[in-house]
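Inspection log for the structure reproduced underneath, given as structure tokens.
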Amino acid sequence: MDFVPEPITINGNDILNILKLTKKEIRAFNATTQIPYFRKKQIETFTSTQITWFTIKQIPHFTEQQIPAFNTTQQISKFTEQQIKVFHEITQIAEFRKWQIQAFQWSQIQVFTWWQIPWFTEKQISYFATQQISKSTEKQIPYFTEQQTPYFTEKQIQAFQWWQIKAFTDWQIPWFTIKQIPYFKEWQIKALITKQIASFTKEQVSSFLPSQIAVFTKEQIQEFEWWQIPAFTEKQISSFTEQQISFFTPLWSEILFKKYINDEKSWKEINVKNRINDEKSWEEINVKNRSISKFI
């Protein structure tokens, strides 16, 4: 006859009894009538090996009060792929503490499913270590929510790899705050694909650093929409290199001309050469502008 443990009680031999539990005995605990009644002291006592023995039917029944009791790196780091996938979104994932989240191995982080990712709270998002962030998968990235995205820290943003940057969807891009935009490294800016470029808000466009603007590629520059172009400030415009200027389309020149032509202060007449679509012929445009010398 299979071993069926008695209802869990606290006594002087708790630790000794927990440590003696075998794989067969642990898996015999009833998921609904016994698992939710483990005490904090008992949960803390389970060995890393014993943690792996809990079944996928038992794991979801640890309560939100019990989750914080898993308090050793050895315990957290031993949750298996199958166990992680059955963590309950509300009663378990949302209850992980900072030190618990940071105790997950990067290989475990990659196991969290697309439906679990949105259940991490805003504070929990900021707890992920940079190594964990850099190992999140392309399938996980698109499921960070509008509430989570603004909580990425500077170090976390700079930990994203180029292939992760590309994995952000065009609807996620506007969720980054104007405080976060300057955090992106130049090589990360270059990794942005065209549909992402067209998704930046006017406020985000105005928050690009000169060093970020200087690395925009031809494809990126020509992907900016008509309503985004006026958001570039004079300081930003002066950050474009001569080569980048040659990538401006007639639309860019027309919009910049209209933006600056009404300036009543000092003027400077500049010639801007713009590539036409066939990239063979050129159109020379005289533009009056104030102090945007590098734009020349």
Side-chain angles (χ1 to χ4, degrees), residues 130-131 133-136 138 141-142 144 149-150 152-257 259-260 270-277 279 282 285 287 289-296:
T130 55
Q131 184 183 37
I133 288 291
S134 68
K135 297 297 182 179
S136 53
E138 292 173 275
I141 295 291
F144 285 117
T149 303
F152 285 125
T153 67
E154 179 177 3
K155 289 183 178 180
Q156 288 177 321
I157 288 177
Q158 294 179 352
F160 283 119
Q161 303 298 310
W162 66 269
W163 50 267
Q164 292 173 308
I165 295 292
K166 292 179 182 294
F168 279 101
T169 65
D170 50 352
W171 65 80
Q172 286 176 303
I173 294 299
W175 297 341
F176 286 99
T177 69
I178 59 175
K179 181 180 179 181
Q180 291 174 309
I181 296 300
Y183 294 159
F184 286 90
K185 292 288 190 180
E186 287 79 7
W187 61 266
Q188 292 176 312
I189 292 295
K190 292 183 70 173
L192 291 167
I193 57 179
T194 53
K195 69 176 183 178
Q196 293 173 319
I197 290 290
S199 300
F200 283 110
T201 67
K202 290 186 290 185
E203 292 74 21
Q204 289 175 319
V205 169
S206 297
S207 65
F208 283 123
L209 296 176
S211 59
Q212 293 173 318
I213 291 174
V215 298
F216 281 136
T217 65
K218 174 183 177 180
E219 291 73 24
Q220 290 175 321
I221 290 174
Q222 296 184 350
E223 192 61 29
F224 280 104
E225 299 286 351
W226 65 269
W227 53 268
Q228 293 173 304
I229 298 173
F232 282 98
T233 66
E234 289 181 45
K235 183 177 181 180
Q236 289 176 309
I237 292 296
S238 67
S239 299
F240 283 100
T241 66
E242 291 183 7
Q243 184 180 34
Q244 287 175 315
I245 294 298
S246 71
F247 299 151
F248 282 6
T249 63
L251 176 63
W252 267 85
S253 297
E254 179 183 357
I255 292 175
L256 292 177
F257 180 85
K259 178 176 181 179
Y260 294 110
I270 61 174
N271 294 318
V272 180
K273 289 185 177 180
N274 296 273
R275 288 190 184 278
I276 305 305
N277 291 333
E279 296 190 1
W282 295 79
I285 302 176
V287 181
N289 194 1
R290 61 179 179 179
S291 56
I292 51 173
S293 58
K294 197 173 180 181
F295 176 56
I296 299 174

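Values below: all heavy atoms of this structure, side chains included; hydrogens, waters and symmetry mates excluded. Nothing here was measured: the structure is a model prediction, and the numbers come from that model.
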Which atom names give the shortest non-hydrogen contact between [X] and [Y], and what distance separates them?
X      : Y      : result
Glu219 : Thr194 : O-CG2, 3.9 Å
Gln212 : Ser207 : OE1-O, 4.3 Å
Gln156 : Ile133 : O-CG2, 3.5 Å
Lys195 : Asp170 : O-CB, 3.7 Å
Val215 : Lys190 : O-CG, 3.4 Å
Ser134 : Ala159 : CB-O, 3.3 Å

Trp175 side chain to Phe144 backbone, donor-acceptor under 3.5 Å:
no
request  = Please answer whether the main-chain N or O of Val205 pairs with a side-chain N or O of Gln236 as donor and acceptor at a distance below 3.5 Å.
outcome  = yes
Got a sec: does the [atom1] of [X] have more than 12 other heavy atoms crowding it under 6.0 Å?
X      : atom1 : answer
Lys155 : NZ    : no
Gln131 : CD    : no
Leu251 : CG    : yes

Out of curiosity, [X] [atom1] to [Y] [atom2], how far, rounded to the nearest 0.5 Å?
X      : Y      : atom1 : atom2 : result
Gln188 : Gln164 : CD    : CD    : 9.5 Å
Leu209 : Lys235 : CG    : NZ    : 8.5 Å
Gln158 : Trp187 : CD    : CH2   : 9.0 Å
Leu192 : Phe168 : CG    : CZ    : 10.5 Å
Ile213 : Ser239 : CD1   : OG    : 5.0 Å
Gln172 : Ser199 : CD    : OG    : 10.5 Å

Sorted by chain and residue number, the side chain to side chain donor-acceptor pair (under 3.5 Å) partners of Ser206 (sequence neighbours excluded) come out as none
>> When you compare the side chains of Gln222 and Thr249, does any donor N or O come within less than 3.5 Å of an acceptor on the partner?
In response: no
Could you tell me if the ring centre of Phe160 sits under 6.0 Å from that of Phe152? yes
Please confirm whether Phe247 and Phe216 have ring centers closer than 6.0 angstrom. no
Practice task
Check whether any side-chain heavy atom of Phe240 lies under 4.5 Å from a side-chain heavy atom of Phe232, and answer yes or no.
Solution key: yes
Distance-only donor-acceptor hits, side chain of residues 223-230, under 3.5 Å, sequence neighbours excluded:
residue	atom	partner	partner atom	Å
Gln228	OE1	Glu225	N	2.6
Gln228	NE2	Ile197	O	3.0
Gln228	NE2	Phe200	O	2.8

